[in-house]
There are 2 protein chains.
Amino acid sequence: MPSHSAAEIALVAGTVARPALAETPFLAQARAPQTTILAEGAEIYAQGDKAQTVYQVVFGAVRVFRLLADGRRQISSFHLPGEVFGFDSSANHRFFAEAICATGVRAFRLSSDVDMSRDLLPLALRGLAKAQEHQLVLGRQSASERLAAFLLDLADRQGGLEQFDLPMSRLDIADFLGLTIETVSRTLTRFKAKGIIGLPSLRRVIVRKWGQLQQLAE
Amino acid sequence: MPSHSAAEIALVAGTVARPALAETPFLAQARAPQTTILAEGAEIYAQGDKAQTVYQVVFGAVRVFRLLADGRRQISSFHLPGEVFGFDSSANHRFFAEAICATGVRAFRLSSDVDMSRDLLPLALRGLAKAQEHQLVLGRQSASERLAAFLLDLADRQGGLEQFDLPMSRLDIADFLGLTIETVSRTLTRFKAKGIIGLPSLRRVIVRKWGQLQQLAE
DNA sequence: CGGGGGCTTGACGCACCTCAAGACAAGTGG
DNA sequence: CCACTTGTCTTGAGGTGCGTCAAGCCCCCG
């Protein structure tokens, strides 16, 4: 689990949150709810729960996923500071949401307010777009294309800096990309061997050759 | 391309359209636009087009897809009579939409009406749910699980009858399920050999053993 | 220092892809 | 009505990328 200083957290949350707020006035207007602190692995909601709340990540990271009967897992999305999740079904949740590491979230209860749906639509459309994007990755890309696209997306969402956090485990990455943990590990090692990325620690990445990474992502 | 009598078309469109209409008053209220008839393969919109219209299928079928630079294609969804599509991005389309066979669609232009977003939200959420469901299939299921789930979904959307149309080609199915055309063909042949389904013609399926098919779909 | 979870690395196998040929169906023109 | 074409689908043989199984490593923490 990566450790952050309070300053780091504030910085990340501040920079990433802004664009989301611009489109979703209710996140800013409403008397901002308290931030709830969650431990690593804590459940935010489960399959079957009633969905009447949307959440905004303040710090940390969240995974949203489904399970098959035999234990296979597909992570449908990760959520980083500033991002909003929790509207993945109209009535009952069809997914689980968990904190990946120590994480703070703000919960916005959905009243039957008329304006709510206006605020929610852009979020739903953005979620739809990301889900469809990910379909392309899962359906048609090779392991190295998947990893390259994943790293670029993460870098972008953390401000586009050359060095960024990898808050999730290799298993989480595998279950997001439709691969096994071994393939994820081997592919990252190959990227590192080619000098495309550096891995100063298990949960931290340095992008050294953006061009090659983008080329790999197709 | 399967041929329908006018009566068949009316029946299918009528039965399937109702649930959608119940949630989306604007589809019923607005002076219903003319049905546009499209030839097989006709483009409805292309990547980059402005997205200011949603469409409802009246008869026929539609595929929505993305292309990679090297020609790989991922079909993100199929749309059957009664179903609504076209809101796959907020500003510009990131996908192509084409008629799979001779198809009729009604186009609903989106004004900046306040009520529009209320009507659109349930559609967007349903689209999101289907996209996430499909992520699980693409990321974590085997070829036969994919085909079984696909056939059950198609049967369900056409009224749950034991016999139903397969409006799309094997290539379309492959590009939807993230497989090759050969794997689709082989898997269907295996289902047929096991007596799980019948294939009276290329574009028609009879489900003979629902239980086994559901079991295969996991 | 010893234990344990997460990660890496290796050897091997298999499900699916690739390449290639042939079957079938539907249309086309003589 | 029949040769011929064309596109789609099926079937086969062989290859490969990723999964599976199994050690072993590393880092953290007690």
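Letters A, B, ... are given to chains in the order of the sequence lines, protein chains preceding strands, and every chain is numbered from 1.
Listed pair B:R203 / D:dT8 fails the phosphate criterion, with no side-chain N or O lying under 4.0 Å from OP1 or OP2.
One interatomic measurement links the two molecules: CG of A:L199 to C1' of C:dG6, which rounds to 15 Å at whole-angstrom precision. Remark: P of C:dA15 and CG of B:L177 are 18 Å apart, rounded to the nearest angstrom. D:dG19 atom P lies 11 Å from atom CG of A:D175, rounded to whole Å. Remark: P of D:dT10 and CG of B:L188 are 7 Å apart, rounded to the nearest angstrom. Per the geometry, CD1 belonging to A:I181 stands 14 Å off C1' belonging to D:dC21, to the nearest Å. One can place CD of B:Q141 at 16 Å from C1' of C:dC16, the figure rounded to the nearest angstrom. In this structure, the CE atom of A:M168 is 16 Å from the C1' atom of C:dC7, given to the nearest Å. Look at CZ on B:R170: it is 11 Å from P on D:dT11, rounded to the nearest Å.
Heavy-atom distances under 4.0 Å link DNA chain D to A:S142, A:A143 of residues 142-151 of chain A, given in residue order. Scanning residues 190-198 of chain B for heavy-atom distances under 4.0 Å to DNA chain D yields an empty list.
Identified under the salt bridge (Lys or Arg N to Asp or Glu O under 4.0 Å) test for residues 140-154 of chain B, with sequence neighbours left out: A:R72-B:E145, A:D175-B:R140, B:K130-B:D153, B:D153-B:R157. Listed by first and then second residue, the ring pair (Phe, Tyr, Trp, His ring centres under 6.0 Å) pairs that reach into residues 151-179 of chain A are A:F78-A:F176, A:H134-A:F176, A:F150-A:F176, sequence neighbours excluded.
Annotation: side-chain hydrogen bond (donor to acceptor under 3.5 Å, both in side chains) contacts of B:T53 (sequence neighbours excluded): B:R109. Listed by chain and number, the residues in a salt bridge (charged side-chain N to carboxylate O under 4.0 Å, His left out) with A:E133 are B:R66, B:R94 (sequence neighbours excluded). Under the side-chain hydrogen bond (donor to acceptor under 3.5 Å, both in side chains) criterion, B:R170 pairs with no residue, sequence neighbours left out. With sequence neighbours excluded, no residue satisfies side-chain hydrogen bond (donor to acceptor under 3.5 Å, both in side chains) with A:T187. When the side-chain hydrogen bond (donor to acceptor under 3.5 Å, both in side chains) test is applied to A:S185, no partner is found at least two apart in sequence or on another chain.
Counting heavy atoms of neighbouring residues, nucleotides and ligands inside a 6.0 Å radius, atom CD of A:E43 exceeds 12 of them.
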Polar pairs (N or O, both sides) under 3.5 Å between protein and nucleotides 17-22 of chain C?
residue : atom : partner : partner atom : Å
C:dC17  : OP2  : B:T180  : N            : 3.4
C:dC17  : OP2  : B:T180  : OG1          : 3.1
C:dC17  : OP2  : B:T183  : OG1          : 2.5
C:dT18  : O4   : B:R186  : NH2          : 3.0
C:dC19  : N4   : B:E182  : OE2          : 2.9

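Here the nucleotide nearest the side chain of A:S185, chosen from D:dT10, C:dT8, C:dC7, is C:dT8.
Listed for the B:T183 side chain is no donor-acceptor partner under 3.5 Å among the backbone atoms of B:I181. When atom types are taken as modelled, the side chain of A:R106 and the backbone of A:Q34 share no donor-acceptor pair closer than 3.5 angstrom. Judged by distance alone, with hydrogens and angles left aside, the side-chain atoms of B:Q56 form no donor-acceptor pair with the main-chain N or O of B:E83 at under 3.5 Å.
Comparing the helix axis at one end of the helix from C:dC1-D:dG30 to C:dG30-D:dC1 with that at the other, each defined from 5 consecutive pairs, gives an inter-axis angle of 30° (nearest 10°).
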For residues 206-215 of chain A, which side-chain N or O atoms pair as donor and acceptor with protein atoms under 3.5 Å away, sequence neighbours left out?
residue : atom : partner : partner atom : Å
A:K209  : NZ   : A:K194  : O            : 3.4

> Can you check side-chain contact (heavy atoms from CB on, under 4.5 Å) on A:L125 and B:F87, steps first, answer last?
Replying inline: CA-CA 8 Å; A:L125 287 176; B:F87 45 92; 4.2 Å; yes
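Here A:D165 pairs with A:R204 in a salt bridge; the nearest charged N to carboxylate O distance falls below 4.0 Å.
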